[in-house]
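By convention in this document, chain letters (A, B, ...) are assigned in the order of the sequence lines, proteins followed by strands, and residues within each chain are numbered from 1.
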Protein chains: 2
Amino acid sequence: MKKQLRRSNCPINFGLEAFGDTWSLLIIRDIVYFGKKTYGDFLRSDERIATNILANRLAQLERHGILVKTPHPIDRRKEVYTLTEKGIDLIPILVEMANWGAKYDPDTGAPQEWIALVNSDKENMIRLIQDTVREGGSVFVGPNSVIDRLAQRE
Amino acid sequence: MKKQLRRSNCPINFGLEAFGDTWSLLIIRDIVYFGKKTYGDFLRSDERIATNILANRLAQLERHGILVKTPHPIDRRKEVYTLTEKGIDLIPILVEMANWGAKYDPDTGAPQEWIALVNSDKENMIRLIQDTVREGGSVFVGPNSVIDRLAQRE
DNA sequence: GTAATAACTTGCAAAATGCAAGCTAAACCG
DNA sequence: CGGTTTAGCTTGCATTTTGCAAGTTATTAC
């Protein structure tokens, strides 16, 4: 294991040194948008991350204080990964990345109505997502998801 | 050269496949914040990117339609790299990453007054940065930089 | 009590990274 | 006008990281 020399004190570089690779943000995405929480959940994502890479990235994200690992309350085989405040503060980045991808990928799987909704009131929507994730929910999946909450409001 | 199989149609993954590494966004940062434009400019950045990696990333970003290379109008040894609209649309991501880094890096070099300014009126500030870059300017460096424009407004 | 499941680890081939050096064309300098 | 810089890459090679397949260990399910 290497990597501790800072390349610069640029804030963007700081982010890149913590999550600047092709896998880390997918793990965060899985938690935020789909309510995934365990090693097995992450493994089953569409992008098919390799087991060793996943273990490595989870450890790295934990070292950076972006997520924490806690034993599952009832199934002692499982570990539950959750975002710290530092991790929850990555949500604005995810939202902007999703925006960009949805705009420029002609074959995007992003629901355009969701993208439009977020952009119609970005600041509040981001806050809502953050609050939801902080309480253990996610954007699309599970009870108390962001989409459920929004439906409830009518 | 490899890489053309899409891992998924997730919009976040789409972004990661285009610029998900430790170097690509630093090049975009150099253009947006510091008005850098040439291979030599990028090489001289604090993070000391290797020459072959830089050439590789510039080609990749060009292939993805994020930037374009044009011959320098007077010095024919130089090539000028500029952002396309697709590249300019990465600015919100950069801004959020800078925010995150400035918040969590105890040794950050980010000017806190700039960060505060952006966050005090994010939508308009992002638009101002985008307009400035579209016209060939940058946030901090050169005539007509964003900070100059803001100073002028008083 | 046996079979699954969950979370990893290990070994190894293939690809990407990071130096240092080289190469070509255009500009600069006396 | 000729030698020296400068600019933008490319190449070779050692090191590191990735990715795949196959374990390993501790629970839990049947």
Side-chain angles (χ1 to χ4, degrees), chain A residues 1-8 13 16-27 30-31 34-64 67-82, chain B residues 1-8 13 16-27 30-31 34-64 67-82:
Chain A
M1 279 176 192
K2 282 288 134 58
K3 175 77 74 47
Q4 61 253 39
L5 297 91
R6 302 281 309 277
R7 298 187 299 182
S8 76
N13 179 59
L16 292 173
E17 291 187 354
F19 54 79
D21 66 87
T22 37
W23 295 111
S24 298
L25 286 180
L26 292 181
I27 297 171
D30 280 348
I31 298 175
F34 306 116
K36 300 192 176 185
K37 287 172 163 35
T38 69
Y39 183 91
D41 286 344
F42 303 134
L43 262 191
R44 276 174 233 112
S45 289
D46 286 349
E47 293 85 4
R48 317 309 350 251
I49 187 171
T51 58
N52 55 342
I53 310 285
L54 175 57
N56 176 281
R57 290 307 184 278
L58 287 171
Q60 216 167 279
L61 289 170
E62 215 186 345
R63 270 197 306 110
H64 279 105
L67 41 79
V68 283
K69 174 165 71 166
T70 53
H72 189 282
I74 47 182
D75 189 337
R76 298 199 302 155
R77 292 171 302 178
K78 293 188 181 178
E79 301 280 355
V80 177
Y81 291 92
T82 46
Chain B
M1 280 182 188
K2 280 289 133 58
K3 176 76 72 51
Q4 62 253 37
L5 297 91
R6 302 281 309 277
R7 300 186 298 183
S8 76
N13 180 61
L16 292 172
E17 292 187 353
F19 54 79
D21 65 87
T22 38
W23 294 112
S24 297
L25 286 180
L26 292 182
I27 296 172
D30 280 348
I31 298 175
F34 306 117
K36 300 192 176 185
K37 287 170 164 35
T38 68
Y39 184 90
D41 286 344
F42 303 133
L43 263 191
R44 278 174 231 112
S45 289
D46 285 350
E47 292 85 2
R48 318 302 3 244
I49 188 171
T51 58
N52 55 341
I53 310 285
L54 176 57
N56 177 281
R57 289 308 184 278
L58 286 171
Q60 218 167 279
L61 290 170
E62 215 187 344
R63 269 197 307 110
H64 279 105
L67 42 79
V68 283
K69 174 165 72 166
T70 52
H72 190 281
I74 47 181
D75 188 339
R76 298 199 302 154
R77 293 170 303 178
K78 294 187 179 176
E79 300 281 354
V80 178
Y81 292 90
T82 46

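One finds no side-chain N or O of B:Tyr81 lying less than 4.0 angstrom from the OP1 or OP2 phosphate oxygen of D:dA7. For D:dA7, the OP1/OP2 oxygens have no side-chain nitrogen or oxygen of B:Lys69 closer than 4.0 Å. Listed pair A:Tyr39 / C:dT9 fails the phosphate criterion, with no side-chain N or O lying under 4.0 Å from OP1 or OP2.
Distance A:Arg44 CZ to C:dC8 C1': 14 Å, rounded to the nearest Å. Summarising the geometry, the separation between NZ on A:Lys36 and C1' on C:dA6 is reported as 16 Å, rounded to the nearest angstrom. In this structure, CG of A:Leu67 is placed 15 Å from C1' of C:dA7, rounded to the nearest angstrom. The nearest whole Å value for the distance from the CG atom in B:Leu43 to the P atom in D:dC9 is 10 Å. One interatomic measurement links the two molecules: CD1 of B:Ile49 to P of D:dA7, which rounds to 18 Å at whole-angstrom precision. One can place NZ of B:Lys37 at 18 Å from C1' of D:dG8, the figure rounded to the nearest angstrom. Between the C1' atom of D:dC9 and the NE2 atom of B:His72 lies a distance of 18 Å, rounded to the nearest Å. Put simply, CG on B:Asp41 is 9 Å from P on D:dA7, counting in whole angstrom units.
The shortest heavy-atom contact between A:Ser8 and A:Asn13 is OG-ND2, 3.3 Å.
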Q.
The test is side chain to side chain contact (heavy atoms under 4.5 Å, CB included); show your working for A:Ile31 and A:Thr82 and say whether it passes.
A. CA-CA 7 Å; A:Ile31 298 175; A:Thr82 46; over 6 Å; no

Q. Can you list the steps and then say if B:Leu54 with B:Ile27 is a side chain to side chain contact (heavy atoms under 4.5 Å, CB included)?
A. CA-CA 9 Å; B:Leu54 176 57; B:Ile27 296 172; 3.7 Å; yes

Q: Please lay out, stage by stage, how B:Leu16 and B:Arg7 fare under the test side chain to side chain contact (heavy atoms under 4.5 Å, CB included).
A: CA-CA 10 Å; B:Leu16 292 172; B:Arg7 300 186 298 183; 4.3 Å; yes

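Residues B:Lys69 and B:Leu58 fail the side-chain proximity criterion, which asks for heavy atoms closer than 4.5 Å. Looking only at side-chain heavy atoms (C-beta outward), A:Lys37 and A:Tyr81 stay at 4.5 Å or farther from each other.
The line from CZ of A:Arg44 to CG of A:Asp30 is 11.0 Å long, rounded to the nearest 0.5 Å.
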Q) What string of B, S and - do you get for nucleotides 18-30 of chain D 5' to 3' if you count protein non-hydrogen atoms under 4.0 Å? A) SBBBB----BS--

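Residue contacts for A:Phe42: at a heavy-atom cut-off of 4.0 Å it reaches no nucleic acid atom on any strand shown.
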